[in-house]
Engineer: 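Dropping the structure in here first, questions after.
Values in this document were obtained by computation on a predicted structure and should not be read as measured data. Values below: every heavy atom of this structure, side chains too, minus hydrogens, waters and symmetry copies.
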Amino acid sequence: MDRKEFKAEQAHLSLIYDKLLAMEKELEEQIRALDRKAQEDKNDIRDNIRFDYADDETAMETLAEIEVWNRYIDTYNVESDSLWRNINVVRKLLEAPYFAEIRLCFDPSEPQENYYIGRAGITEHGAGPLIIDWRSPIAEVYYNQETGPTRYTVGDREIPVELLLRRQFDLQKNRLISFFDTGIAIEDPMLLRSLSQTHSDKMRAITATIQKEQNTVIRYTDVPVLLVDGIAGSGKTSVLLQRIAYLFYRKRKDLRPDQVCLMTLNPVFRDYIDEVLPDLGETNPLTITWTEFQTMLHVPDAQESGASEEPGTDRLERIRKGLPLCKPEAADFFPITQKNRVVMTAGEVLSIVKEYRRFPLGVRRIRISADELEYRVKNRLRSLAEDAEADTDAVAPSDRAEERRLENDFGGALRNIRNYAWINVRHIVQRILGTEYITKAEWLFAMLELTGLCDLNMRYVMIDEVQDYTKAQLEILRMYYPNARFMLFGDEFQSIREDTVSFSEIEEMTREAGKQFVSLPLMTSYRSSPEITELFASLLPQERKLAVLTVRRPGDAVAIKVCGSKKEYVGELKKLIAEYQKKDGLTAVICRNEETLEELIAILGKEAPAVVSQHDSLPQNGIFLIKLAFAKGLEFDQVILPDVDPENYPDDRISRHCLYTAISRATGHLAILAEKEVSPLIWLTSNSFSSVHPIPDHL
């Protein structure tokens, strides 16, 4: 590193930092001044406004005056929000103003131009950019990783340019720690440094270390369905979150957080990722699990046991074809009630639905029936209200006031009508399928088919770990979000349940719907050491295994220990836990299922680490027990797999996927433990690993 250049970069950093401090001070003063002015106007409102409703004319004048003051208040709120957004950007940049510099030549006859790239962009009093946002079109040159002639895209236009310098910085506030020119360095120092850091309870943004294949996904053109097929540790979830941030930036004028839905694995994982987007200056979108999605749509909990967890699409097709042929009967409906008082019986509901028999049972018939039900129920409720008024000699309200009172006093009954709670969906589906056992997905599918319920507002649906969804679940999401573009992230070989969707089926479903489908690969593992990557990659099919790359530096050998007795096993497990407790970062003891988790707790007794369950957050550091289902998508500095025996990991497809998933959670250290006999999957893989400790001879 040239000393003269270092001083020049430090001087530039100090200059930028001082300008940011000055901006922060100026914004703070503007906020204080706005608050003072707002308080003065608030006092004026209190002292001068007259609430006079003596007659219609003075009431109109009062309302007009209130409207004027409301507009003043709205103006203050808009200005205040803008100032606070700006100061939050400045304060984020003060933590580390930028992470990269590019030097570009647009035309040999013109001067070269330098741009500094940060987590956010900022200009100085409307002049040229002081720091450019990592999502801006010109920043694409940095992520292309192509020194020399390259290009970036603005709208539909490609801009040719020559990249003369691609420099990376390690900054702490106004102090330059180091910088690297990628034209000189063989490796990506920023990436390697980032990967070597210990992990905590929260995922970090990868903005400064986005790699070329990841950048392709993040900036890819909008398409109806984009599937990102990435191996374990390729940064799929990080790329997904950066993609969301990128979309918010590029569509900042017309895309709101409530128009993006992120389907995630479980509450543990949601809590793990919840700081990434705010750290990039963006609001988290709606982030829900499949279970929460069902709850949001009021799917009843009380479904019969005995059904498979999720149906095949053939059963959904039977429901779709059977509904128009179904002749309604009284048991297909519930009575409409208000605070446990029956307002309309199920038989009366049936008679109204039968009035529209010229339409098949479906959206049109149900919606017309709902309108008629609401009309008749309101009349009935209105009569009840009038009877009550007659008893008390109350003054009859105006039509508008009466409507409001009906909504306030009888909202429960009206909501039941509008939410279609009067339809006994379960009974209808039972009749069509000829079975008493139905799943929640079948109930929800039938409800959507009957009512046309959907969210037309949603523009993007992002699904992480899509390989764990079924065709039925994806079909339901497509129905409920008809206007949304879908972005799916996953790895087929991390599917740990039977009957989940294959990627070829996703493509087939998309093309059958007449929509464009694009699949992009992520084949470089950034998470695990070469030794761990080699082990989990060996569980993949040959053609996929050959495509796997790793960028991590060599680390420790994978430790495999097969114990000859229960006593030896318990002793080895306790020794491993004690050893890993001394290490920095997070250590996960990952159990295949609930049975092995409970067995471990019993074996270890008071020495058992804490358990992270479905609704818990990860600890900031230390060691803990967790089931494989909840560890999916997460990563840990150290991993202990305590149950890698033939019973828990037999030589079958799902067990292979489970072991692949469990091994690939580890970044730097992995210990595999078994009692008496190790899984045949480890026997199969260990032949090709010099890094794996040998299996004892007596086995």
Engineer: For D181, is there any backbone N or O sitting under 3.5 Å from a side-chain donor or acceptor partner on R166?
Structural biologist: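 A pair under 3.5 Å: no.
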Engineer: Between Q242 (side chain) and L277 (backbone), is there a donor-acceptor pair under 3.5 Å?
Structural biologist: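 Side chain of Q242 to backbone of L277: no pair is present.
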Engineer: Within a strict 4.5 Å, meaning less than it, do heavy atoms of the C261 and M263 side chains meet?
Structural biologist: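 C261 reaches M263 side chain to side chain.
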Engineer: If we ignore hydrogens and angles and just use 3.5 Å, is the side chain of H657 paired with the main-chain N or O of S495 as donor and acceptor?
Structural biologist: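 Checked: pair present.
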Engineer: Given 3.5 Å as the limit, does a donor-acceptor pair link the side chain of E292 with the main chain of T289, or not?
Structural biologist: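 Indeed, once roles are kept as given, a pair shorter than 3.5 Å links the two residues.
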Engineer: Look at E465 together with K236 and state whether they make a salt bridge at an N to O cut-off of under 4.0 Å.
Structural biologist: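 No salt bridge links E465 with K236.
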Engineer: Give a yes or no on whether the backbone of D491 and the side-chain of Q467 come within a donor-acceptor separation of less than 3.5 Å.
Structural biologist: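 Yes; judged by distance alone, with no hydrogens or angles, the pair exists.
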Engineer: Is there a donor in the side chain of E213 and an acceptor in the side chain of T524, or the other way round, less than 3.5 Å apart?
Structural biologist: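 A donor-acceptor contact under 3.5 Å links the two side chains.
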Engineer: Mark yes or no for whether T216, through its side chain, and K212, through its backbone, hold a donor-acceptor pair below 3.5 Å.
Structural biologist: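 Here the side-chain-to-backbone pair exists.
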Engineer: Not counting sequence neighbours, which residues clear ring pair (Phe, Tyr, Trp, His ring centres under 6.0 Å) with F503? List them please.
Structural biologist: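 Checked F503 against ring pair (Phe, Tyr, Trp, His ring centres under 6.0 Å); zero matches.
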Engineer: Start with the C-alpha distance between K471 and E508, add both sets of side-chain angles, then the distance that settles salt bridge (charged side-chain N to carboxylate O under 4.0 Å, His left out), and finish with yes or no.
Structural biologist: CA-CA 11 Å; K471 286 181 68 176; E508 182 183 354; 5.4 Å; no
Engineer: Holding to side chain to side chain donor-acceptor pair (under 3.5 Å), I want the full list of residues that pass it with D464, two or more places apart in sequence or in another chain.
Structural biologist: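 For D464 the side chain to side chain donor-acceptor pair (under 3.5 Å) partners, ignoring immediate neighbours, are T237.
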Engineer: Answer whether the closest heavy-atom distance between the side chains of D314 and L316 falls below 4.5 Å.
Structural biologist: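 No, too far: nothing below the 4.5 Å cut-off.
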Engineer: Is the closest basic N to carboxylate O distance between E568 and K561 below 4.0 Å?
Structural biologist: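 Salt bridge: yes.
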Engineer: With a 3.5 Å distance limit and no angle check, can you tell me whether R665 reaches the backbone of L634 through a side-chain donor-acceptor pair?
Structural biologist: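 Checked: pair present.
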Engineer: Report the C-alpha distance between S617 and D271 in whole Å, list the side-chain angles of each, state the deciding distance to 0.1 Å, and finish with yes or no for side chain to side chain donor-acceptor pair (under 3.5 Å).
Structural biologist: CA-CA 6 Å; S617 297; D271 189 61; 2.6 Å; yes
Engineer: Is it the case that the side chain of R656 and the backbone of L681 share a donor-acceptor pair, with hydrogens and angles ignored and the cut-off at 3.5 Å?
Structural biologist: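 No, the answer is negative, given that no donor and acceptor are paired below the 3.5 Å cut-off.
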Engineer: With side chain to side chain donor-acceptor pair (under 3.5 Å) as the test, would you mind laying out the steps for T287 and N284 before giving the verdict?
Structural biologist: CA-CA 8 Å; T287 307; N284 278 323; 5.4 Å; no
Engineer: Only counting residues at least two apart or in another chain, list the ones meeting salt bridge (charged side-chain N to carboxylate O under 4.0 Å, His left out) with E647.
Structural biologist: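 Per chain and number, E647 pairs via salt bridge (charged side-chain N to carboxylate O under 4.0 Å, His left out) with no residue.
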Engineer: Are L297 and F293 packed together at the side-chain level, in the sense that at least one heavy-atom pair is separated by less than 4.5 angstrom?
Structural biologist: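 Counting from C-beta outward, L297 and F293 do come under 4.5 Å.
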Engineer: Which side-chain N or O atoms in residues 596-609 pair as donor and acceptor under 3.5 Å with protein atoms at least two apart or in another chain?
Structural biologist:
residue: T596; atom: OG1; partner: N593; partner atom: N; Å: 3.4
residue: T596; atom: OG1; partner: N593; partner atom: O; Å: 3.1
residue: T596; atom: OG1; partner: N593; partner atom: OD1; Å: 3.2
residue: T596; atom: OG1; partner: D643; partner atom: OD2; Å: 3.0
residue: E599; atom: OE2; partner: K566; partner atom: NZ; Å: 3.4
residue: E607; atom: OE2; partner: K574; partner atom: NZ; Å: 3.4

Engineer: Only one of K173, Q172, R119 clears side-chain hydrogen bond (donor to acceptor under 3.5 Å, both in side chains) with E95; which?
Structural biologist: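 For E95, the side-chain hydrogen bond (donor to acceptor under 3.5 Å, both in side chains) test succeeds with only one of K173, Q172, R119, which is R119.
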Engineer: Does the side chain of S504 pick up a donor-acceptor pair with the side chain of S502 at under 3.5 Å?
Structural biologist: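 A donor-acceptor contact under 3.5 Å links the two side chains.
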Engineer: Would you say the ring centers of F536 and Y660 fall short of 6.0 Å from each other?
Structural biologist: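 F536 vs Y660: aromatic centres under 6.0 Å.
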Engineer: Suppose the criterion is salt bridge (Lys or Arg N to Asp or Glu O under 4.0 Å): which pairs have a residue in residues 588-597, not counting sequence neighbours?
Structural biologist: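 Every pair satisfying salt bridge (Lys or Arg N to Asp or Glu O under 4.0 Å) with a residue in residues 588-597: E594-K627.
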Engineer: May I ask you to test the P619-V612 pair for a side-chain heavy-atom distance under 4.5 Å?
Structural biologist: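 P619 reaches V612 side chain to side chain.
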Engineer: The criterion is side-chain contact (heavy atoms from CB on, under 4.5 Å); which residues satisfy it with V225, sequence neighbours excluded?
Structural biologist: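 For V225 the side-chain contact (heavy atoms from CB on, under 4.5 Å) partners, ignoring immediate neighbours, are F486, L488, T510, F517.
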Engineer: Please confirm whether F636 and F624 have ring centers closer than 6.0 angstrom.
Structural biologist: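 Distance test on ring centres: under 6.0 Å, yes.
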Engineer: D468 versus K632: any side-chain heavy-atom pair under 4.5 Å?
Structural biologist: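 Side-chain contact under 4.5 Å: yes.
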Engineer: Determine yes or no for a side-chain-to-main-chain donor-acceptor pair under 3.5 angstrom, with R552 supplying the side chain and S529 the backbone.
Structural biologist: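 No; judged by distance alone, with no hydrogens or angles, the pair does not exist.
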